[in-house]
Amino acid sequence: LFECTPPEPSMPVTEDQLARVRPLMQGLRAPAHYDKVYKDECMFSFDSPYQPEGLYVNLRSWQGFGKEFLDRDPASGPQLYLKEVWRRVKKEVTEEEAKDPTVLAIGVAGGFDI
């Protein structure tokens, strides 16, 4: 019923911004298949990426935090966060998808499609 749309492109990054971020990037690694990434909901509240403020995911611990709970992140020192903001967009329904089935069957004419 709903699909997510990618965000609009942001402003270009300046060298000053990169100089501040590069030291924080050292030691980051991609999560492996056995690592848990809590990117769907805040660790302390029910904030999600669908909230207007979004969800901030710590790139070292992979834990998600709402905007007002960033100060409760147990990681010490400055951290790098990925801000996730998801938006729901109504999907267009075609005529074929919109018509109701007339036969109680799967994969036949007038029935349910798989």
Side-chain angles (χ1 to χ4, degrees):
L1 184 61
F2 291 98
E3 61 184 26
C4 293
T5 59
E8 293 119 22
S10 59
M11 298 180 346
V13 180
T14 65
E15 281 299 320
D16 181 45
Q17 292 170 329
L18 283 176
R20 286 185 285 153
V21 168
R22 282 189 181 119
L24 299 173
M25 291 174 59
Q26 294 189 3
L28 292 183
R29 62 181 180 85
H33 68 278
Y34 54 85
D35 290 324
K36 293 219 180 231
V37 179
Y38 301 96
K39 63 181 179 95
D40 297 326
E41 204 169 65
C42 175
M43 299 298 288
F44 299 106
S45 69
F46 295 106
D47 288 348
S48 75
Y50 289 111
Q51 302 281 343
E53 304 89 31
L55 188 72
Y56 295 84
V57 179
N58 185 322
L59 293 180
R60 288 200 194 280
S61 65
W62 302 303
Q63 294 178 339
F65 299 95
K67 187 173 185 174
E68 62 257 9
F69 293 101
L70 279 174
D71 58 341
R72 294 193 183 182
D73 185 354
S76 61
Q79 298 293 320
L80 243 126
Y81 293 92
L82 167 70
K83 182 180 179 183
E84 290 187 309
V85 179
W86 299 347
R87 292 181 182 87
R88 291 187 177 185
V89 178
K90 272 239 190 234
K91 215 173 162 183
E92 292 183 22
V93 180
T94 63
E95 286 181 30
E96 190 173 304
E97 293 172 345
K99 67 180 181 181
D100 293 329
T102 57
V103 178
L104 188 57
I106 298 173
V108 297
F112 293 94
D113 290 332
I114 298 179

Item to check | Over 12 non-hydrogen atoms of neighbours within 6.0 angstrom of CG in L28 | outcome: yes
Checklist entry - Transitively linked via ILVMFWY side-chain contacts under 4.5 Å: L59 with V21? => result yes
Checklist entry - C42 and G66: which non-hydrogen atoms are nearest, and at how many Å? => result SG-N, 3.2 Å
Checklist outcome for this item: Note: E84 and K39 closest approach over all heavy atoms is OE1-O, 2.9 Å
Checklist entry - Are side-chain heavy atoms of F69 and M43 found at a separation under 4.5 Å? => result no
Item to check | ring pair (Phe, Tyr, Trp, His ring centres under 6.0 Å) partners of Y56, counting only residues at least two apart | outcome: none
Next on the checklist: Checking D40 against W86 for the side-chain contact (heavy atoms from CB on, under 4.5 Å) test, could you report, in this order, the C-alpha distance in whole Å, the side-chain angles of both residues, the deciding distance, and whether it holds?
Outcome noted: CA-CA 10 Å; D40 297 326; W86 299 347; 3.7 Å; yes
Checklist entry - Excluding sequence neighbours, so at least two apart, what forms side chain to side chain contact (heavy atoms under 4.5 Å, CB included) with E41? => result F46
Checklist entry - Looking at CG of D73 and CZ of F44, how far apart are the two atoms once the value is rounded to the nearest 0.5 Å? => result 7.5 Å
Checklist entry - To the nearest 0.5 Å, how far apart are CZ in R72 and OG in S45? => result 9.5 Å
Checklist entry - Can you check whether L24 reaches Y81 side chain to side chain, under 4.5 Å on heavy atoms? => result no
Next on the checklist: List the residues meeting side chain to side chain contact (heavy atoms under 4.5 Å, CB included) with P23, not counting sequence neighbours, and say none if there are none.
Outcome noted: none
Checklist entry - Among all residues two or more places apart in sequence or in another chain, which pass the side chain to side chain contact (heavy atoms under 4.5 Å, CB included) test with Q51? => result D47, S48, E53
Item to check | Common cluster, L82/V85, ILVMFWY with side-chain heavy-atom separation under 4.5 Å | outcome: no
Checklist entry - Is there any salt bridge (charged side-chain N to carboxylate O under 4.0 Å, His left out) pair reaching into residues 26-38, and which pairs are they, with sequence neighbours excluded? => result R29-D35
Checklist entry - Can you name the closest pair of heavy atoms from P74 and F65 and give their distance? => result CD-CZ, 4.0 Å
Next on the checklist: Checking V13 now: which residues fulfil side chain to side chain contact (heavy atoms under 4.5 Å, CB included) with it, not counting sequence neighbours?
Outcome noted: Q17, L18
Item to check | Pi-cation contact, Y50 with R88 (under 6.0 Å, within 45°) | outcome: yes
